[in-house]
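These figures come from a predicted structure and were not determined experimentally.
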Amino acid sequence: MLGDNVKFIARSLGFDDCRIAPVHRATHAAAYEQWIAEGKHGDMAWLARNVERRTDPALVLPGAQAVIVVALNYFQSGAESGIARYAWGDDYHDLMEEKLSDLDESLSALGGTQRVYVDTGPVLERDFATDAGLGWSGKSTIQIHPNLGNYFFLGEVLTTLALPPDPPLRDHCGKCVRCMEACPTQAITSPHHLDARRCLSYLTIEQKGPIPLEFRRALGHRIYGCDDCLAACPWNRFARESQEAAFAARPFVHAPLRDFLDLTDESFREAFHHSPIKRIKRPAFLRNVCVALGNTGTPEDLPALVRASDDPNPLIAEHAVWAISEIHRRHPAPSPQQG
């Protein structure tokens with residue numbers, strides 16, 4: 001069957017799973033539109049553009065007959081870091097786009113016309129992943145796979161090839177709410193509802209301005225993203241180490257936080273050249289580092305923070321000043337002994 005051939009090609013390219021969904025308006029299109037209307041997407045303005053196209057693949061690729069959904073495992077074992085695991089290695093966009101481009105070529109040879117996407121395109125990917133039987137959407141809104149847990153990337157190929165759809169899986173979360181309980185800012189406001197404006201991944205990556213004061217202490221040691229809701233999921237007992245060498249942890253993953261404050265624009269670009277971290281640029285990254293040092297630093301970190309407080313970029317300087325005050329609060333200078 002043609003569908004089996006497509007799945008064989010996808011697996012030969014290194015994808016860990018491949019399933020097929022029918023083309024129709026996204027299952028949660030109305031809920032998505034309401035989410036946008038309530039402003040819960042925060043500063044991610046692109047999510048509010050072309051909502052009709054984003055919820056209907058037929059408007060993106062006229063004549064589309066199937067949505068091919070692929071999964072690529074990125075899990076790396078090792079001690080927790082202030083950097084989300086998906087960013088420990090190379091930028092997944094580059095690797096996924098390369099593999100999807102190869103899949104597109106193979107599908108074209110079979111007579112299809114395609115459009116490929118890796119989370120930045122107008123596709124509600126988790127709806128179609130669920131429709132295809134590639135796991136189900138957890139209460140945290142993160143996709144869960146029965147054999148991979150939730151540490152994997154999704155990619156989509158819209159195609160004009162007539163491919164038979166796979167049956168969906170039922171939701172296996174049951175009464176479990178561990179992901180909701182693990183969220184440091186209660187960003188998962190109810191099952192399957194996320195207020196991005198409260199999410200630490202959003203605040204450290206997508207938001208470009210200051211971290212709101214109400215969330216700074218909740219940030220803890222995090223400097224890029226947050227894995228708490230993922231790590232809490234019991235389905236990760238099935239997670240296995242990724243076979244992609246590009247996702248292996250780089251040395252910066254466990255580097256001392258204060259070392260990052262010495263980065264210039266040039267050295268930042270060099271250090272994170274192939275990393276997704278490069279996308280937020282130096283000011284936002286050092287903003288995050290300052291907050292993390294404010295939460296976890298010691299007086300030994302103060303000289304680096306004092307230098308950062310003089311940074312020409314006001315975003316860095318303001319957060320460094322906040323961090324200095326937090327360290328002084330947690331480590332007050334000893335009072336002079338009375339004579």
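Other residues, nucleotides and ligands contribute over 12 non-hydrogen atoms within 6.0 Å of the CD atom of Glu38. By the neighbour-count criterion of 12 heavy atoms within 6.0 Å, atom CD of Glu266 is sparsely surrounded, having that number or fewer from other residues, nucleotides or ligands.
Comment: Arg11 does not engage Asp16 in a salt bridge, judged by the lack of any side-chain N to carboxylate O separation of less than 4.0 angstrom. Note on Asp262 versus Arg307: salt bridge recorded, some NZ/NE/NH1/NH2 to OD/OE distance being below 4.0 Å. Using a cutoff of 4.0 Å between basic side-chain nitrogens and carboxylate oxygens, Glu326 and Arg329 are scored as salt-bridged. Remark: Lys281 does not engage Asp265 in a salt bridge, criterion side-chain N to carboxylate O under 4.0 Å. For the pair Asp301 and Arg258, the salt-bridge criterion is met [side-chain N within less than 4.0 Å of a carboxylate O].
Not a single donor-acceptor pair under 3.5 Å links the side chain of Asp171 to the backbone N or O of Gly138. Between the side chain of Tyr74 and the backbone N or O of Glu241 there is no donor-acceptor pair closer than 3.5 Å. Ser101 contributes no side-chain N or O that, together with a main-chain N or O of Glu97, makes up a donor-acceptor pair within less than 3.5 Å. Here the side chain of Arg126 pairs a donor or acceptor atom with the backbone of Thr141 at under 3.5 angstrom. Looking at His221, its side chain never comes within 3.5 Å of a backbone N or O of Leu257 through a donor-acceptor pair. A donor-acceptor distance shorter than 3.5 angstrom exists from the side chain of Arg85 to the backbone of Gly78, with no hydrogens or angles considered. Without hydrogens or angle criteria, Ser140 side chain to Cys179 main chain gives no donor-acceptor distance under 3.5 Å. One N or O on the side chain of Arg330 and one on the backbone of Gly294 form a donor-acceptor pair closer than 3.5 Å. Side chain of Trp88 to main chain of Ile83: a donor-acceptor pair is present (N/O by atom type, distance under 3.5 Å, no hydrogens or angles).
Taking the six-membered ring for Trp and thresholds of 30 and 60 degrees, Trp235 and Trp136 have ring planes more than 60 degrees apart, a perpendicular arrangement.
Residues Arg178 and Cys233 have side chains not in contact (no heavy-atom distance under 4.5 Å, counting atoms from C-beta outward). For the pair Leu72/Phe247, a side-chain contact is recorded, criterion being any heavy-atom separation below 4.5 Å from C-beta on. The shortest distance between side-chain heavy atoms of Asp43 and Lys208 does not fall below 4.5 Å. Side-chain contact check for Val157 versus Asp104: every heavy-atom pair is 4.5 Å or farther apart. Within the 4.5 Å cutoff, no side-chain heavy atoms of Asp90 are placed close to those of Ser275. Within the 4.5 Å cutoff, the side chain of Arg197 has no heavy atoms near those of the Gln207 side chain. For the pair Pro184/Leu200, a side-chain contact is recorded, criterion being any heavy-atom separation below 4.5 Å from C-beta on. Considering only heavy atoms from C-beta on, Ile324 comes within 4.5 Å of Leu302 through its side chain.
For the side chain to side chain donor-acceptor pair (under 3.5 Å) criterion with Asp127, the lone passing option out of His28, Gln143, His24 is His28. The side chain to side chain donor-acceptor pair (under 3.5 Å) with Arg222 is formed by just one residue from the set Asp228, Thr296, Asn288; it is Asp228.
Cluster membership for Met1 and Phe8, using ILVMFWY side-chain heavy atoms within less than 4.5 angstrom, is not shared. Cluster annotation: Val289 and Ile211 are assigned to distinct hydrophobic clusters (Ile/Leu/Val/Met/Phe/Trp/Tyr, side-chain heavy-atom contacts under 4.5 Å, transitive). A chain of hydrophobic side-chain contacts below 4.5 Å, direct or via other Ile, Leu, Val, Met, Phe, Trp or Tyr residues, connects Ile277 to Ile223. Under a hydrophobic clustering in which Ile, Leu, Val, Met, Phe, Trp and Tyr are joined whenever their side-chain heavy atoms come within less than 4.5 Å, directly or via other members, Ile142 and Leu47 fall into different clusters. In terms of hydrophobic clustering, with Ile, Leu, Val, Met, Phe, Trp and Tyr side chains grouped at heavy-atom distances under 4.5 Å, Leu293 and Phe268 are assigned to a common cluster.
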Run the side-chain contact (heavy atoms from CB on, under 4.5 Å) test on Leu286 and Asn313 for me, step by step, so that the C-alpha distance in whole Å, both residues' side-chain angles and the decisive distance to 0.1 Å come before the verdict.
CA-CA 10 Å; Leu286 295 196; Asn313 189 294; over 6 Å; no

Decide yes or no on side-chain contact (heavy atoms from CB on, under 4.5 Å) for Thr185 and Cys199, but give the supporting numbers first.
CA-CA 7 Å; Thr185 57; Cys199 176; 5.6 Å; no

Going through the distances and angles, do Glu156 and Val116 end up as a side-chain contact (heavy atoms from CB on, under 4.5 Å)?
CA-CA 6 Å; Glu156 297 76 44; Val116 302; over 6 Å; no

How far apart are the C-alpha atoms of Asp94 and Lys99, what are their side-chain angles, what is the distance that settles it, and do they pass the salt bridge (charged side-chain N to carboxylate O under 4.0 Å, His left out) test?
CA-CA 9 Å; Asp94 300 333; Lys99 290 179 180 294; over 6 Å; no

After noting the C-alpha distance and the side-chain angles of Arg19 and Val70, does the key distance pass the side-chain contact (heavy atoms from CB on, under 4.5 Å) rule?
CA-CA 7 Å; Arg19 302 294 176 103; Val70 294; over 6 Å; no

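Here Tyr86 and Tyr151 keep their ring centres 6.0 angstrom or further from each other. The six-membered or imidazole ring of Phe272 lies near that of Phe285, with a centre-to-centre distance under 6.0 Å.
Cation-pi contact between Arg216 and Trp322: present, with separation from the ring centre below 6.0 Å and deviation from the ring axis of at most 45°.
Residue Ile144 comes nearest to Cys173 through the heavy atom pair CD1-SG, 3.8 Å, listed as atom of the first residue, atom of the second, then distance. Heavy-atom minimum distance, Ala323 versus Cys290: CB-O, 3.1 Å. In this structure, Met44 and Tyr202 approach most closely via the heavy-atom pair CE-CD1, 3.8 Å. Scanning both residues, His254 and Ala79, for their nearest heavy atoms gives CE1-O, 3.2 Å. Taking both residues in full, the closest heavy atoms of Leu161 and Gly111 are given as CD2-C, 3.9 Å, listed atom of the first, atom of the second, then distance. Taking both residues in full, the closest heavy atoms of Ala48 and Val51 are given as O-CG2, 3.5 Å, listed atom of the first, atom of the second, then distance.
Here the straight-line distance linking atom CZ of Arg287 with atom OG1 of Thr204 works out to 7.0 Å at 0.5 Å rounding. With values rounded to the nearest 0.5 angstrom, Leu194 atom CG is found 7.5 Å from Thr189 atom OG1. Expressed to the nearest 0.5 Å, how far CD of Glu125 lies from OG of Ser137 amounts to 10.5 Å. In this structure, CD in Glu244 is found 15.0 Å from OH in Tyr92, a value given to the nearest 0.5 Å. Rounded to the nearest 0.5 Å, atoms CG (Asp56) and CG (Asn50) are 12.5 Å apart. The structure places NE2 of His273 at 10.5 Å from CG of Asp91, a figure rounded to the nearest 0.5 Å.
There is no side-chain donor-acceptor pair under 3.5 Å between Thr55 and Glu33. Donor-acceptor pairing under 3.5 Å is recorded for the side chains of His193 and Ser190. Side chain to side chain, Gln65 and Thr159 fail the donor-acceptor criterion of an N or O pair below 3.5 Å. No hydrogens or angles considered: a donor-acceptor pair under 3.5 Å links the side chains of Asp17 and His145.
Other residues sharing the hydrophobic cluster of Val60, ordered by chain and number and joined by side-chain separations under 4.5 Å: Val23, Leu61, Val67, Val69, Tyr117, Val123, Phe128, Leu134, Leu148, Phe152, Leu154, Leu158.
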